[in-house]
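Note sheet for the following structure.
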Amino acid sequence: MAFYMLALIVLLIDQGSKWWIRVHMFVGEQRNVLAPYLHFEYYQNSGAAFSSFQGYGKWFAYLAVVVVAALIYYRVKGAIRGWVLELAAGFIAGGALGNALDRLIFGKVTDFIVWGSGSGIMNIADLAINAGVILLIVGMLIRSWQDKRSYSFK
């Protein structure tokens with residue numbers, strides 16, 4: 001249940017924040033939030049991370065749908081168990097759906113979060129995907145440690 005709730009919460013926060021940016025800022029506009037650590041800059045990305053593969057955004061939307069379907073499949077099969085992996089999958093699914101929705105509706109993703117010196121720009125969905133991947137790695141390490149521990153006691 002945590003998987004679905006977290007995915008929905010991430011999706012809603014992501015889409016709400018992107019709506020706010022599209023309504024209250026124009027493309028290229030910058031606003032200091034916590035200078036010099038964080039500022040918002042409205043950018044539209046029709047590609048993937050770091051503006052690579054510009055113009056191929058719809059393919060990434062389809063890939064996101066496949067990823068979310070795979071997460072649901074593996075969750076139903078029992079491969080995603082435990083609260084760490086549930087959270088990881090929820091963050092990844094919500095983030096993937098948030099960016100996929102942008103790509104399917106607008107043909108590009110709304111990015112606006114710039115950290116520090118501005119070496120990259122992202123959105124809430126990207127943050128969620130990154131958090132999900134970190135949690136996925138932690139969860140897999142925990143499971144591996146538990147499996148080795150239970151095996152050694154046999």
Side-chain angles (χ1 to χ4, degrees), residues 1-76 79-142:
M1 189 64 159
F3 165 77
Y4 297 106
M5 290 302 294
L6 184 57
L8 180 62
I9 290 168
V10 167
L11 178 63
L12 293 173
I13 292 171
D14 175 65
Q15 289 300 303
S17 65
K18 290 172 180 175
W19 170 84
W20 190 92
I21 293 296
R22 287 190 296 268
V23 167
H24 292 96
M25 295 177 70
F26 57 87
V27 176
E29 181 180 354
Q30 294 183 15
R31 292 194 185 172
N32 285 326
V33 178
L34 294 171
Y37 307 106
L38 172 69
H39 72 272
F40 289 168
E41 180 178 349
Y42 182 6
Y43 179 75
Q44 295 178 336
N45 183 0
S46 66
F50 307 108
S51 297
S52 58
F53 302 105
Q54 289 297 309
Y56 292 96
K58 291 225 183 211
W59 291 106
F60 292 106
Y62 303 138
L63 178 62
V65 171
V66 169
V67 167
V68 172
L71 287 170
I72 292 170
Y73 172 80
Y74 284 112
R75 187 177 179 283
V76 169
I80 297 175
R81 62 184 190 282
W83 67 272
V84 175
L85 291 179
E86 281 272 322
L87 291 177
F91 275 123
I92 292 169
L97 289 172
N99 281 341
L101 200 56
D102 268 19
R103 287 184 171 106
L104 293 172
I105 293 172
F106 303 108
K108 54 191 88 168
V109 173
T110 297
D111 287 327
F112 61 93
I113 300 171
V114 181
W115 302 102
S117 64
S119 58
I121 188 165
M122 55 183 17
N123 56 47
I124 301 296
D126 298 332
L127 291 173
I129 292 168
N130 284 309
V133 168
I134 291 168
L135 285 171
L136 181 65
I137 292 168
V138 168
M140 291 170 67
L141 288 172
I142 290 170

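Everything numeric here is computed off the predicted structure, so don't read it as measured data.
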Can you name the closest pair of heavy atoms from [X] and [Y] and give their distance?
X	Y	answer
G132	A88	O-CB, 3.4 Å
A96	V68	CB-CG2, 4.1 Å
G94	V10	C-CG1, 3.5 Å
A125	G95	CB-O, 3.3 Å
L97	L11	C-CD1, 3.8 Å
L87	L6	O-CD2, 3.4 Å

Side-chain heavy atoms of T110 within contact of N123, under 4.5 Å: no
Does a side-chain heavy-atom distance below 4.5 Å link F3 with L71? yes
Applying side-chain contact (heavy atoms from CB on, under 4.5 Å), name anything that partners L38, two or more places apart in sequence or on another chain.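 With neighbours one apart ignored, the set is V33, L34, I113, W115.
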Can you list everything that forms a side-chain contact (heavy atoms from CB on, under 4.5 Å) with A7? Sequence neighbours excluded, please. A93
Quick one: list whatever passes salt bridge (charged side-chain N to carboxylate O under 4.0 Å, His left out) with E41, sequence neighbours left out. none
For residues 79-106, pull every pair meeting ring pair (Phe, Tyr, Trp, His ring centres under 6.0 Å), keeping only residues two or more places apart or in separate chains. none
Does anything in residues 11-38 pair up under ring pair (Phe, Tyr, Trp, His ring centres under 6.0 Å), and if so which pairs, sequence neighbours excluded? W20-H24
Can you tell me how far apart [atom1] ([X]) and [atom2] ([Y]) are? Round to the nearest 0.5 Å.
X	Y	atom1	atom2	answer
I142	L135	CD1	CG	9.0 Å
I121	N45	CD1	CG	9.0 Å
N99	M122	CG	CE	10.0 Å
Y74	I80	OH	CD1	9.5 Å

Mind checking what makes ring pair (Phe, Tyr, Trp, His ring centres under 6.0 Å) contact with F40, not counting sequence neighbours?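 Counting only residues at least two positions away or on another chain, F40 forms a ring pair (Phe, Tyr, Trp, His ring centres under 6.0 Å) with F112.
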Using side chain to side chain donor-acceptor pair (under 3.5 Å) as the criterion, list what pairs up with R81, not counting sequence neighbours.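 Testing R81 for side chain to side chain donor-acceptor pair (under 3.5 Å), a comparison that skips the adjacent residues, returns none.
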Residue pairs, two or more places apart or on separate chains, that pass side-chain hydrogen bond (donor to acceptor under 3.5 Å, both in side chains) and touch residues 128-138: none
Among residues two or more places apart or on two chains, list those pairs meeting side-chain hydrogen bond (donor to acceptor under 3.5 Å, both in side chains) that have a residue in residues 2-15.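 Matches after skipping sequence neighbours: D14-K18, Q15-D102.
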Contacts satisfying salt bridge (charged side-chain N to carboxylate O under 4.0 Å, His left out) that involve residues 31-40 (not counting sequence neighbours) are E29-R31
